[in-house]
Amino acid sequence: MAKYNPSEIEAKWRERWERDGTDKTDLYGAKKPFYNLMMFPYPSAEGLHVGNLFAFVGSDIQGRYHRLLGYDVFEPMGFDAFGMHSENFALKTGRHPAEMVPKNIERFRETQLKKVGLMLDWHHQVDTTSPDYYRWTQWMFVTLYKNDLAYRKRAAVNWCPSCNTVLAAEQVIDGQCERCQSVVTKKEMAQWFFRTTAFAAELLDELDRMDWSERTKTAQRNWIGRSHGAEVRFKVDGGPDFSVFTTRPDTLFGATYMVFSPEHPMVDEITTPDRVKDLADYRQRAQALTEVERQSEGREKTGVFTGSMAINPVNGEKIPIWVADYVLMGYGTGAIMAVPAHDERDHEFALKFGLPIREVVSGGDPDVDVSREAYVGDGNLVNSGEFNGLAAKTEGIFAITRMLESRNLANFTTNYRLRDWCVSRQRYWGPPIPIIYCDKCGEVPVPEKDLPVLLPKLADYRPDGSGLSPLARDEAFHKTVCPTCGGQAHRETDVSDNFLCSAWYFYRYPSTGFTDRPFDPDLTAKWLPVDLYVGGNEHAVLHLLYSRWLCRALNKCGYLNFTEPYKKFVAHGMIVKNGAKMSKSRNNIVNPDEYIKEFGADSFRMYLMFMGAYLEGGDFRDGGVKAMKAFLDRLFAAALPPEGEVLDPSPPGDPETLFWLNSTIKAVGADLARFSYNTAIARIMELVNHLTKNKVRNHVVSETLAQLLAPLAPHLAEEIWESLGHNQSVFKSRWPSHDEAACQKPEVEYVIQINGKVRGKFSMAVGLPPEEIEPLVLNNEAVAKWLEGKTIVKKIFVPDKLVNLVVK
RNA sequence: GCCCGAGUGGUGGAAUUGGUAUACACGACGGACUUAAAAUCCGUUGACUUAACGGUCAUGGGGGUUCAAAUCCCCCCUCGGGCACCA
């Protein structure tokens with residue numbers, strides 16, 4: 001009997017697949033296209049992490065399974081090689097990214113990805129640093145610019161002092177840089193933005209109709225953050241008008257002061273001469289604070305009075321205008337009405353500065369005392385003139401807003417938390433932003449025929465913190481002529497955010513080699529949107545949101561006829577090691593290569609998938625891969641014909657084996673379809689246990705086993721399939737069908753319960769009516785003693801499952 | 001604080017619809033094989049209790065609905081994730 005030797009088998013099938021083009025997709029001829037996408041990696045570390053492989057294998061199983069179901073599956077791979085992760089790694093290791101990246105790509109592909117047994121079509125590899133690719137990344141930028149979806153403005157932006165660049169709001173996690181965890185500061189700079197907020201409403205609304213993991217959708221909903229409310233116009237006493245946004249216009253009568261954000265443009269205008277110095281000091285201090293300091297919860301409220309009063313439009317009351325940093329310029333209008341009785345923050349501020357607190361909503365509970373704490377619950381309006389008695393949130397909001405609306409002092413409005421995407425980066429390793437500044441013509445996008453704007457190879461590519469990219473130090477790069485007037489001009493020297501590269505890569509895969517446009521319209525029509533996207537949820541409000549936005553933008557610009565890039569997105573879980581997060585500092589990183597070398601890719605794949613629920617994550621234990629190898633040894637021995645023999649080709653005769661065979665086909669198919677890989681493997685184990693225990697060896701069973709195993713352990717499946725006499729890949733075969741009748745055991749075990757407790761069991765043929773079951777129950781020995789001296793008040797029959805007698 | 005997800009043996013984890021809780025593994029223990037070990041194979045393995053048959057308890061905690069609850073409802077605790085001075 002041949003022994004299972006994974007390294008031999010896996011090398012053999014790798015070669016065979018490559019030779020026969022097994023994993024190559026006929027993009028034009030495909031009859032049932034299925035685009036199976038996984039998140040392309042950054043080639044910026046020592047190697048692929050076990051977490052990458054966990055993600056890829058789970059996705060590959062879907063690709064292979066769909067192929068067995070008869071789909072033409074396209075499963076491409078590429079490298080997200082521009083950006084700070086690669087550049088920082090190059091800086092750390094002292095190599096130039098232009099040299100490091102191609103070598104890493106080669107190494108990742110040849111020594112890692114190809115050894116895991118992924119069904120990847122390498123004829124369509126994408127590398128975002130290749131000029132053939134970033135030419136089109138730049139085209140995206142120009143196209144967005146021409147359609148007013150990209151613009152440049154001066155604003156207080158997030159600055160990472162360690163990476164020496166600005167960041168998008170999405171790349172600041174708890175006030176820290178997503179890449180290096182440094183505390184982010186604010187810096188006033190002119191930067192390029194994409195108008196992500198233009199599609200805030202549709203990006204949010206569409207989520208309800210999307211087939212995505214719920215937690216991914218929740219993250220996006222929270223991030224886009226819609227609030228309904230009203231914009232209300234106030235007047236500065238003896239000065240101009242200004243607006244505030246509020247979700248509680250019902251509490252307008254309770255506004256006892258107003259607050260402007262320190263950055264509000266009207267602050268200078270309304271500050272009275274005696275307060276100028278205080279205001280200037282306060283605003284300077286506010287600016288020096290980092291987001292973390294400024295937004296830390298529980299921080300004591302600070303603020304200063306401007307000297308001016310505002311007039312409340314509902315009652316003409318004059319109330320003081322303050323400046324305080326708890327009001328943010330970036331949300332709403334940057335100014336608020338403060339209702340201390342019904343808002344916790346305003347309440348805290350009012351207490352500290354001795355401002356009046358007026359109750360305008362009464363919940364009817366006499367114990368509530370708004371002078372002690374804010375009441376934010378529902379109730380009826382009080383102290384609100386003609387509006388008294390209305391239910392605050394359900395009636396008051398509308399009544400008061402409509403009244404003001406009729407006087408042109410308010411309007412219903414909706415606010416989003418989402419900010420426009422800041423895409424400039426003062427770094428080297430990215431696609432140069434394709435804009436030219438001309439003294440005469442202003443901002444001029446680089447004409448399409450001049451793309452790509454090549455990234456020059458700079459020996460010194462270190463970011464210098466000057467607020468300019470290292471490209472600004474290269475005169476040959478930035479000095480140019482205006483494409484419109486031919487006069488002297490200079491290029492934008494910032495590069496674009498790496499997330500722009502990854503926002504469109506999946507359109508490129510089918511169209512690699514296409515030179516007229518970023519993507520071939522015919523192939524795009526055939527293959528997109530992506531059928532299935534599997535990836536990590538850490539990209540919920542980054543890549544996944546940006547790529548949704550870009551899809552809508554390209555749709556609006558007329559380049560795509562759909563608005564969502566992925567038909568289905570599935571977020572896999574996270575894996576940990578012995579219950580703890582894997583990290584370099586914990587020194588508990590799992591190196592996948594060693595396991596693959598020792599036990600084979602199939603055992604490694606199987607264990608990764610068996611470890612836990614794919615969608616929840618799992619806990620990597622050292623012995624696991626070895627145990628899985630032992631299982632595959634047993635499976636191999638059980639499936640293969642004994643040396644020199646041929647198995648009887650007729651299907652198994654014994655009903656027990658037929659039951660296991662059919663019910664396993666059914667269960668494994670259902671489990672794969674719902675990403676329940678651990679239970680699919682458990683079902684296969686049960687089948688193998690049956691075969692081993694009963695010494696069953698059968699050609700049809702072995703064939704089926706090879707097919708069931710194929711998505712999970714493709715090399716081994718091929719080997720078994722071939723040894724059963726097939727000369728074509730198992731992936732040319734079709735997923736086995738099951739006989740529904742055979743999935744039911746001919747005899748079922750009935751449970752007898754007395755008052756819901758199990759008191760006896762017996763086996764019976766399936767499908768018997770209650771009349772035939774009842775006497776068996778009543779005459780059951782084990783049950784008799786529980787019925788002694790009792791009367792049966794109720795009998796419950798669950799067909800083929802149980803009988804419950806309720807006795808008294 | 002708000003919004004998602006989760007909490008089950010010594011461990012990783014099962015349990016489409018409320019219907020035998022603990023599938024499948026790992027580990028541990030016992031046995032076979034071996035000079036011995038490894039590997040492999042066979043068996044036992046939720047806790048408590050009983051000589052045994054059996055019984056009692058057990059799915060984070062507390063209540064409830066039901067003939068029957070890991071599963072449904074209410075309250076609470078813990079962990080993971082998202083949002084958060086967002087008006």
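Values in this document were obtained by computation on a predicted structure and should not be read as measured data. Chain letters run A, B, ... following the sequence lines, proteins first and then strands; every chain starts at 1.
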| remark: Sorted by chain and number, sequence neighbours left out, ring pair (Phe, Tyr, Trp, His ring centres under 6.0 Å) with A:F599 holds for none

| Phosphate-side-chain proximity, A:K801 and B:rG18, N/O vs OP1/OP2 below 4.0 Å | no

| field | Parallel, tilted or perpendicular, as decided by the 30° and 60° cut-offs, for the rings of A:Y607 and A:F620 | value | perpendicular

| Which value, in whole Å, describes the distance between the C1' atoms of nucleotides B:rA68 and B:rG18? | 8 Å

| query | Roughly, in whole Å, what's the span from CG in A:D343 to P in B:rA84? | reply | 17 Å

| With the sugar-phosphate defined as primed atoms, P, OP1 and OP2, and the base as all remaining atoms, what B/S/- string results for nucleotides 41-48 of chain B, 5' to 3', for protein heavy atoms under 4.0 Å? | S-------

| remark: Taken to the nearest whole Å, CD/A:E348 to C1'/B:rG1 is 14 Å

| B:rG19 and B:rG9: how far apart are their C1' atoms, nearest whole angstrom? | 23 Å

| said: Filter on salt bridge (Lys or Arg N to Asp or Glu O under 4.0 Å), then keep only pairs touching residues 662-683 of chain A, sequence neighbours left out; what's left? | reply: A:K666-A:E740, A:D671-A:R674, A:R683-A:E686

| request: Report the nucleotide, chosen from B:rA87, B:rC24, B:rU56, that has the shortest atom-to-atom distance to any side-chain atom of A:R759. | output: B:rU56

| What interatomic distance, in whole Å, is found between P of B:rU34 and the corresponding atom of B:rC29? | 22 Å

| said: Could you check whether A:K301 makes a cation-pi contact with A:Y326, meaning its NZ or CZ is under 6.0 Å from the centre of the six-membered ring and within 45° of the ring axis? | reply: yes

| request: For nucleotides B:rU65 and B:rC75, find the distance between their C1' atoms and express it as a whole number of Å. | output: 15 Å

| task | May I ask you to verify if any side-chain N or O of A:N678 is less than 4.0 angstrom from the OP1 or OP2 atom of B:rG12? | result | no

| remark: Whole-Å distance, A:F620 CZ to B:rC26 C1', equals 13 Å

| task | Figure out the NZ/P separation between A:K757 and B:rA58, and round it to whole Å. | result | 8 Å

| field | Nearest-angstrom distance, C1' atom, B:rU35 to B:rA14 | value | 44 Å

| query | Mind checking the C1' distance from B:rC83 to B:rC73? Whole angstroms is fine. | reply | 28 Å

| task | Look at the rings of A:F305 and A:W322 and say which category their plane angle falls in: under 30° parallel, 30 to 60° tilted, over 60° perpendicular. | result | tilted

| said: Hydrogens and angles aside, do A:W223 and A:E170 bring a side-chain donor and acceptor to less than 3.5 Å of each other? | reply: yes

| task | Write down the distance between CH2 (A:W212) and P (B:rG81), rounded to a whole number of angstrom. | result | 21 Å

| Where does B:rG18 land, syn or anti, once you apply the within-90°-of-0 test for syn? | anti

| Where do A:F636 and A:L640 land on the side chain to side chain contact (heavy atoms under 4.5 Å, CB included) test, with the steps shown first? | CA-CA 6 Å; A:F636 190 76; A:L640 245 55; 3.3 Å; yes

| Distance between the P atoms of B:rG61 and B:rU78, in whole angstroms? | 15 Å

| Under 3.5 Å, is there a donor-acceptor pair linking the side chains of A:Y375 and A:D343? | no

| said: Quick one, A:I357 and A:T256 - any side-chain contact, counting heavy atoms below 4.5 Å? | reply: no

| task | Would you indicate, yes or no, if B:rG81 has its OP1 or OP2 atom less than 4.0 angstrom from a side-chain nitrogen or oxygen of A:K581? | result | yes

| Heavy-atom protein contacts under 4.0 Å, nucleotides 64-69 of chain B, coded B base, S sugar-phosphate only, - none | ---BS-

| said: What contact category does A:K795 fall into here, base, sugar-phosphate, or nothing, at under 4.0 angstrom with non-hydrogen atoms? | reply: nothing

| How are the rings of A:H572 and A:F54 set relative to one another: parallel (under 30°), tilted (30 to 60°) or perpendicular (over 60°)? | perpendicular

| request: Indicate the ring-plane relationship of A:F349 and A:Y257, choosing parallel, tilted or perpendicular according to the 30° and 60° boundaries. | output: parallel

| Is it true that the side chains of A:N415 and A:T413 contain a donor and an acceptor less than 3.5 Å apart? | no

Between the protein and nucleotides 2-11 of chain B, are there any N/O to N/O pairs under 3.5 Å, and if so, what are the atom names and distances?
residue : atom : partner : partner atom : Å
B:rU11  : O2'  : A:R621  : NH1          : 3.0

| query | In terms of side-chain heavy atoms of A:M685, which of B:rG19, B:rA25, B:rC85 is nearest? | reply | B:rA25

| remark: Writing each nucleotide of RNA chain B 5' to 3' as (, ), [, ], | or . by Watson-Crick or G-U pairing under 3.5 Å yields (((((((..(((......[....)))((((((.......))))))((((....))))..(((((..]....))))))))))))....

| query | Centres of the A:Y546 and A:W421 rings: under 6.0 Å? | reply | yes

| field | Proximity to the side chain of A:T679 - top-ranked nucleotide from B:rU20, B:rA15, B:rA87 | value | B:rA15

| B:rA58 and B:rC48: how far apart are their C1' atoms, nearest whole angstrom? | 10 Å

| said: Taking the basic N atoms (NZ, or NE/NH1/NH2) and the acidic carboxylate oxygens, is any pair closer than 4.0 Å for A:R226 and A:D205? | reply: yes

| field | Nucleotide nearest A:E749 when distance is taken to its side chain, options B:rA39, B:rC83, B:rU20 | value | B:rU20

| request: Measure the CZ-NE2 distance between A:F499 and A:H543 for me, rounded to the nearest 0.5 Å. | output: 8.5 Å

| note | Out of B:rC83, B:rG19, B:rC24, minimum distance to the side chain of A:N689 belongs to B:rC24

| said: For the residue pair A:Y416 / A:T197, report whether a side-chain donor-acceptor contact shorter than 3.5 Å exists. | reply: no

| When the distance from OH of A:Y614 to P of B:rG13 is rounded to whole Å, what number comes out? | 16 Å

